[in-house]
Amino acid sequence: MAVSPESGRERPVDFRAPPPSPVASGRRSCVTNDDVLTEFLESSLRVPDLVLPDKIFPKQKFIENPSSIDFNSLGAPGSDSASRMLDSIARVGCFQLVDHGIGCEFSNSALAAAAGIFLVPPEKRAAAMRSPEKPYGFEEVHGGEEDESSELAEEFMWCREKGLESELKRIWPLGYSHFSDKMAELQSHVEKIAERVMTVLREKCLNESASGNDGLKGEGCAGASIGTVCCILKHSKNVLDDDRWASSLRYDVIRMLIRGADYSHALCLHMCDGASEFHVYSKKGWVSFCPDKHSLIITVGDQFQTLSAGRYKHVVGRPIVKSETEDRISMAFLYSPPAHTPASNNIECGGGRNTFSVGQQVMVAIALSLAYHLYVYILNKF
């Protein structure tokens, strides 16, 4: 059968484009029941108004002032100051210390010297900004005018670090020397107060532990190796209305709850004379009170919570200063007791009993044996 040339060729594949998608001439669909579909889409795509419960954000609760403890009564025979301190810590997380020995004239001069650090121009502060690698310096303020209005205070973290000293000498050559001298002198006084308070609290917790109240774990007697850190706060004069002030206060609460564990410490001593309120944030809630004049407010940190086996909880304290005429300065010293040697740990954590190593006991036994043989020899000889 003969094959024609036309039939021997391969037929080309017929590629036809798909029909175009229908385009609506208007906003309404061409579906038969378009009214029903439109109503369904409008109701299903509407985002509901969500109202969060009040328990998501802690409510501020005003309380009576915590106990005021006379510093001179600490460790005095028959004094109940230690019990009152621990009762106030268990209830509120802090207590007030009066007659602490830091005079108003000296504290005012130290606060005035500290205020000078915030006169450093913003362009020079970049060299001394706080970071995860540097636990000292200026706290960064984020963004524009809206964020700045949310800041109730500027912060500067100070400690005795060579790196901070060299940076401040470079960006603040005229005022750094006076500022450093005043801060070092004030820190020395504060550390003496904190050491005495910590000693009284530790002894009381040890007594409770010996009584079976689980007041203190022995392995927690050694303090941290870091030194004292001071948080200097500049409280700007209040120019906000009530609504913006409440919003700024809530922002401050959130920030403090997030940053509560930035610096490990046993005690925090707050110098905030002139504060209208003092706020305490913890897992229990948010409480506030009006502090006594010329008092030190002492809150407990994570190290004290560890020392007490979790019985006394870590809190974060914050003074609130409302001044319409001028900026104010407050300070918070985060104190960590120095690390103890193993021998001192045995003495302090053993409830005051001196302990001796096995080697020392062997030496004493040998000495007693030699003394006994010498005594017998002298009796037989004479």
Side-chain angles (χ1 to χ4, degrees), residues 100 102-130 134-141 147-161 163-191 193 228-240 245 248 252 255-256 259 263 268-279 291 293-297 317-335:
H100 42 73
I102 300 179
C104 295
E105 184 176 353
F106 173 69
S107 62
N108 290 336
S109 64
L111 293 174
I117 191 65
F118 297 103
L119 299 178
V120 176
E123 59 273 12
K124 291 186 177 181
R125 295 186 185 186
M129 279 293 179
R130 178 175 168 267
K134 298 187 303 182
Y136 52 79
F138 293 96
E139 181 68 24
E140 184 177 2
V141 178
D147 290 332
E148 289 180 1
S149 65
S150 298
E151 295 283 345
L152 294 181
E154 297 181 52
E155 296 183 16
F156 180 81
M157 304 302 297
W158 178 87
C159 61
R160 292 183 178 181
E161 287 286 340
L164 177 62
E165 182 179 355
S166 60
E167 289 177 0
L168 289 185
K169 281 183 178 180
R170 185 172 62 256
I171 67 175
W172 193 29
L174 298 179
Y176 170 73
S177 178
H178 178 66
F179 165 76
S180 178
D181 293 342
K182 284 292 183 181
M183 290 299 299
E185 186 178 359
L186 179 60
Q187 178 178 320
S188 178
H189 286 287
V190 170
E191 286 181 337
I193 295 173
T228 301
V229 180
C230 178
C231 177
I232 305 173
L233 297 174
K234 175 190 172 185
H235 304 268
S236 302
K237 56 184 178 181
N238 181 23
V239 293
L240 304 178
W245 173 263
S248 298
D252 196 55
R255 188 176 64 168
M256 293 306 298
R259 294 184 49 210
Y263 294 89
C268 186
L269 293 83
H270 301 264
M271 294 183 59
C272 51
D273 195 23
S276 55
E277 297 175 5
F278 190 86
H279 292 198
K293 197 173 183 180
H294 306 310
S295 65
L296 282 177
I297 302 176
R318 182 81 161 187
I320 301 298
V321 179
K322 295 181 180 179
S323 176
E324 298 181 357
T325 57
E326 60 181 356
D327 298 337
R328 305 293 292 270
I329 300 294
S330 67
M331 296 183 185
F333 289 86
L334 288 82
Y335 170 78

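As the structure is a prediction and not an experimental result, all values here were calculated from the model. Along the sequence shown, the residues carry numbers beginning at 1.
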Note to self: Between Pro319 and His235, is there a side-chain heavy-atom distance shorter than 4.5 Å?
What the structure shows: yes
Next item on the list: Could you go through the side-chain contact (heavy atoms from CB on, under 4.5 Å) check for Phe333 and Met271 one step at a time?
Entry: CA-CA 8 Å; Phe333 289 86; Met271 294 183 59; 4.0 Å; yes
Item checked: Residues Tyr335, Leu269; criterion side-chain contact (heavy atoms from CB on, under 4.5 Å); working and verdict -> CA-CA 8 Å; Tyr335 170 78; Leu269 293 83; 4.3 Å; yes
Note to self: What I'd like to find out is whether the side chain of Ile117 reaches to under 4.5 Å of the side chain of Lys234, using heavy atoms alone.
What the structure shows: no
Next item on the list: State, with a plain yes or no, whether a side-chain heavy atom of Val321 is found less than 4.5 Å away from one of Cys272.
Entry: no
Note to self: Any salt bridge linking Glu161 with Arg130? Criterion: basic side-chain nitrogen under 4.0 Å from a carboxylate oxygen.
What the structure shows: no
Next item on the list: Apply the test side-chain contact (heavy atoms from CB on, under 4.5 Å) to residues Val120 and Phe156: give CA-CA distance (whole Å), side-chain angles for both, the deciding distance (0.1 Å), then the verdict.
Entry: CA-CA 11 Å; Val120 176; Phe156 180 81; over 6 Å; no
Margin query: Tell me the closest heavy-atom pair linking Pro173 and Ile171, and the distance in Å.
Written below: CD-C, 3.6 Å
Next item on the list: Heavy atoms only: give me the nearest Tyr263-Tyr136 pair and the separation to one decimal.
Entry: OH-N, 4.3 Å
Note to self: Looking at every heavy atom in both Cys230 and Met183, which two are closest together, and how far apart are they?
What the structure shows: SG-CE, 3.7 Å
Item checked: Expected output: side-chain Ser180 to main-chain Ser177 donor-acceptor under 3.5 Å -> no
Margin query: Does any part of the side chain of Arg170, heavy atoms only, come nearer than 4.5 Å to the side chain of Trp172, both counted from C-beta?
Written below: no
Next item on the list: Would you confirm whether Arg328, through its side chain, and Ala275, through its main-chain N or O, come within 3.5 Å as a donor-acceptor pair?
Entry: no
Check: Do the non-hydrogen side-chain atoms of His270 and Ser330 ever get within less than 4.5 Å of each other?
Finding: no
Check: What do you reckon, is CD of Glu105 surrounded by more than 12 foreign heavy atoms closer than 6.0 Å?
Finding: no
Notebook entry, point to check: Can you tell me how far the CD1 atom of Ile297 sits from the CG atom of Asp273, to the nearest 0.5 Å?
Noted result: 9.5 Å
Checklist line | Considering all heavy atoms, the nearest Ala128-Lys134 contact | finding: CA-NZ, 4.4 Å
Notebook entry, point to check: With no hydrogens and no angle check, is any side-chain donor or acceptor of His294 less than 3.5 Å from a backbone partner on His100?
Noted result: no
Check: About how many Å separate SG of Cys159 and CG of Leu164, when rounded to the nearest 0.5 Å?
Finding: 6.0 Å
Notebook entry, point to check: Has the side chain of Ser107 got a donor or acceptor atom that lies under 3.5 Å from a matching backbone atom of Cys104?
Noted result: yes
Next item on the list: Describe, in one word, how the ring planes of Phe138 and Phe118 are oriented to each other, choosing from parallel (under 30°), tilted (30 to 60°) and perpendicular (over 60°).
Entry: perpendicular
Next item on the list: Specify the closest pair of heavy atoms between Met157 and Pro135, including all atoms of both residues, with the distance to one decimal.
Entry: CB-O, 3.9 Å
Next item on the list: Show your working on side-chain contact (heavy atoms from CB on, under 4.5 Å) between Leu186 and Met331 and close with a plain yes or no.
Entry: CA-CA 11 Å; Leu186 179 60; Met331 296 183 185; 3.6 Å; yes
